[in-house]
Amino acid sequence: MQAADSPDVLFSQLMQLPTTTFETQAKTLIAASEANIARIESQIRDLERLRDRERGVIARLRMAIAPVNKLPAELLVEIFSLVCCWNWSSFNYGKERVKNVHKLSQVCAYWRRIVHTTPRLFRESLVFRLQKTPDADYLAVTKQWLERSSPYSIPIHLENWGEKWRSVDAGPLMDIMSATAHRWHSATFRLSSLDVLRRIRTVSLPSLRTFDLSSGDNKHHELTRPLLTAPHLKTVTLRTCRTSKFLLPWAQITVLDIDDDDPLECLNALVQCTSVTHATIETPPWKEPPDISQRPMTTLSRLEELTIDFEYHNMRGDLTGPFFAYLSLPALKKLKITMDMGDLWSSADFTEFQRRSPNIEHLTFVGCELDPNDLLAVLQNSPSLVDLDMELCRFCLDDSIILGLQYVPTQTPILAPKLQTLSMSYAGSSFDEDDLDAMIQSRWWTDEQLLTLPSPPPVSRWSCIYIHCSDDGPSKSFSPHILAKLELYRAQGLNVDVCGYEFEE
C-alpha cells in the first residue's frame, strides 16, 4: 500500500471535501471495506473447511493404524466385557453397566457395530426399580436391550415394592420382559401386588432355574401358574404370605428358602418339596398348640441341610416343637435352629425327630434355652454327630454334660461317639475344671500315641474345643495347672480355647 493510500492520509483528504461529498465517499468506502471483509471471511471459512477435512483425514489414518484397531473383534469383545464388569460389586452395578455399554458404543462406528452385535454384553441382569410408570423411551430402550441379548439366557429383576409404588403401572414393562420369558434363567420379583404376574404370557419357561419372589399380597397365588411350565426350576426363594398356596412345581425344587409369618404355611410348603436337598425357613413359632394331630408323617428322603430361624418376636413361651413332630429326614446331615430366648423347647418332640433323622453330623443351636437334661437327650440321640455348636444357649452346660462326654471304656452306650468339634458360647459355667480336663483327655491322643494302642478307640478324636462360659454370676477362672494342661493340648495340635468372663452391664 502506498503512503497516499494509508487510512490516515485518506481520512485527511476526505475531511477537506464539502460535507455532502465527504459522506458519500465515506459510505462508498465503508461498503467496499465490508465487501472485502465478507470476501476474506468466506475465504477463511473455505480454508477452515479444508483444514478440518485434512484433520479428519489425519484422524482416520491415525485411527486406522492405532494398535486398538489392529485387534481382532473377538479380543475387543473381551476387553469390552472387562470394562463393563469392572465394578460388579457396586450396588448400582446394573446401572453402571448400562452406562458403560452405551459409552463404548459411542466411540466410533466400528465399536458401535461390535457392541450392538455382541449379545453377551447385554445378557447381565437389569434391575428395574420402578418408582414411577416408565415412559415410551424407557420401554423402547429396555426392549432393544433385551432383544440384543438374544440368544443367551438372561436374569430379570423387577421391583415395584411398597405403598408409595402402588400407583406405578409395571404392566407395559412386564409385557416387554415377558417377550423374553423363554430365555429367563432366573427371575426376581419384589412386588406390592402379584397382579402384574398375569402379564407373563408364555407357553413355557424352558430356561428358568431360579425364582425369587417377595410380596405382601395374600391373594392372586394362582398367577404363578406359568412356573408350572419350568421343567428346570430348582431354586426357589419366597418372602410371602400363604406360601403353600402358590402354584409351583414343588416336587422338583431342590433348594428352598421361605419367610412366612405362619409356621404352618412354611411346614406345608416344605413337605410338598419331595426332592428338596437344602431348605431355609424363617418364621415365628406357634403361640398356641396347633391342631395337627391328624397330620401324616412326612419323609423328605433327600433333605441334607435344614436351617430354621424362629425369628425374634419379643414373646415368651411360644412353641417350636410342632415343626419337628411329623417330619422324618433320614438324609439330614446339617441342622441349624435359631430361637428367641424364652421359646419353649420340646425335648420329647425333638428326640423323636432325631430318631427318625439319625444321620445329623453338624448341629447348631442359637438362642435355645435348653437345660442340661435337654442337651443330654440331644447327645444321646446323635450317633453321627461330628460338630456341635451352641451359641447363646445360656443354661445348657454343667457337669452332667462334661461327664457325659467323657469317654470311659466300660461305659455304654457312648455319648456322641463321632463328635470332634464342641463349640459353646455363653453356655454357663457350672462345671468342674478337672472334669473338663478329664473329658478332653479321654478323647484326645496324638498320632504317635495312636500307634501304641492295641486297637483304634471307638470314639473320634477331638479336633476343636471352644468353650466360652458365662452365667449371671462372676466370671469363671481356671487354676494354673488346668491352664498348663490346655497349653499342652495346644502344643500337641488340639485347637482348644476355654475361658470365662462376666456379662458387661
Side-chain angles (χ1 to χ4, degrees), residues 243-244 258-271 279-298 300 303 306-329 332 334-358 360 362-382 385 388-398 400-401 404 415-416 423-430 469-472 503:
T243 300
S244 67
I258 296 177
D259 184 347
D260 191 308
D261 287 341
D262 186 340
L264 190 58
E265 282 293 327
C266 292
L267 186 58
N268 289 340
L270 176 64
V271 299
T280 301
I281 309 294
E282 187 171 347
T283 187
W286 281 271
K287 299 184 182 301
E288 301 290 340
D291 183 12
I292 56 175
S293 58
Q294 303 302 313
R295 188 181 187 90
M297 183 66 63
T298 299
L300 300 176
L303 184 56
L306 175 61
T307 299
I308 306 178
D309 185 351
F310 295 104
E311 59 192 15
Y312 180 78
H313 51 93
N314 201 28
M315 299 290 289
R316 297 187 66 84
D318 287 351
L319 306 172
T320 59
F323 199 95
F324 304 99
Y326 294 93
L327 277 180
S328 175
L329 310 177
L332 188 66
K334 189 172 184 179
L335 174 62
K336 180 177 180 180
I337 302 172
T338 300
M339 296 171 59
D340 183 19
M341 295 179 184
D343 289 342
L344 296 180
W345 177 257
S346 176
S347 186
D349 284 334
F350 194 75
T351 294
E352 292 303 315
F353 168 76
Q354 283 185 283
R355 290 171 179 168
R356 297 188 298 269
S357 313
I360 299 174
H362 309 275
L363 183 57
T364 300
F365 294 103
V366 180
C368 302
E369 293 196 352
L370 284 71
D371 63 29
N373 289 330
D374 295 329
L375 183 53
L376 271 177
V378 170
L379 292 171
Q380 288 165 354
N381 293 279
S382 300
L385 188 63
L388 176 63
D389 186 2
M390 309 286 293
E391 302 176 20
L392 298 174
C393 301
R394 299 176 297 172
F395 311 113
C396 66
L397 182 60
D398 70 0
S400 66
I401 303 300
L415 206 63
S423 176
M424 294 187 165
S425 60
Y426 289 93
S429 56
S430 301
C469 48
S470 182
D471 55 22
D472 293 331
F503 284 111

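What you see is a predicted model, and the numbers here were worked out from it, not measured in a lab. All residue numbers in this chain count up from 1 along the given sequence.
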I want to check something: taking the side chain as every heavy atom from C-beta on, are [X] and [Y] in contact at a cut-off of under 4.5 Å?
{"X": "Leu270", "Y": "Leu300", "answer": "yes"}
{"X": "Val271", "Y": "Tyr326", "answer": "no"}
{"X": "Asp349", "Y": "Phe323", "answer": "no"}
{"X": "Thr283", "Y": "Phe310", "answer": "yes"}
{"X": "Ser346", "Y": "Leu319", "answer": "no"}
{"X": "Asn268", "Y": "Arg295", "answer": "yes"}
{"X": "Met390", "Y": "Leu397", "answer": "no"}
{"X": "Trp286", "Y": "Ile292", "answer": "no"}

Tell me if a side-chain donor or acceptor on [X] pairs with a main-chain N or O of [Y] at a distance below 3.5 Å.
{"X": "Arg355", "Y": "Asn381", "answer": "no"}
{"X": "Glu265", "Y": "Thr243", "answer": "yes"}
{"X": "Ser357", "Y": "Leu329", "answer": "yes"}

Have a look at Ile401 and tell me which of Leu376, Leu415, Asn373 forms a side-chain contact (heavy atoms from CB on, under 4.5 Å) with it.
Leu376
For [X] and [Y], which heavy atoms make the closest approach, and how far apart are they?
{"X": "Cys368", "Y": "Met339", "value": "SG-SD, 3.4 Å"}
{"X": "Ile281", "Y": "Cys266", "value": "CG2-CB, 3.6 Å"}
{"X": "Leu332", "Y": "Lys334", "value": "CD1-O, 3.5 Å"}
{"X": "Ala269", "Y": "Ile258", "value": "CB-CD1, 3.5 Å"}
{"X": "Leu327", "Y": "Arg356", "value": "O-NE, 2.8 Å"}

Could you tell me how the ring of Phe350 sits relative to the ring of Trp345: parallel (under 30°), tilted (30 to 60°) or perpendicular (over 60°)?
tilted
Going by distance alone, is a donor N or O of one side chain under 3.5 Å from an acceptor N or O of the other, for Ser382 and Gln354?
yes
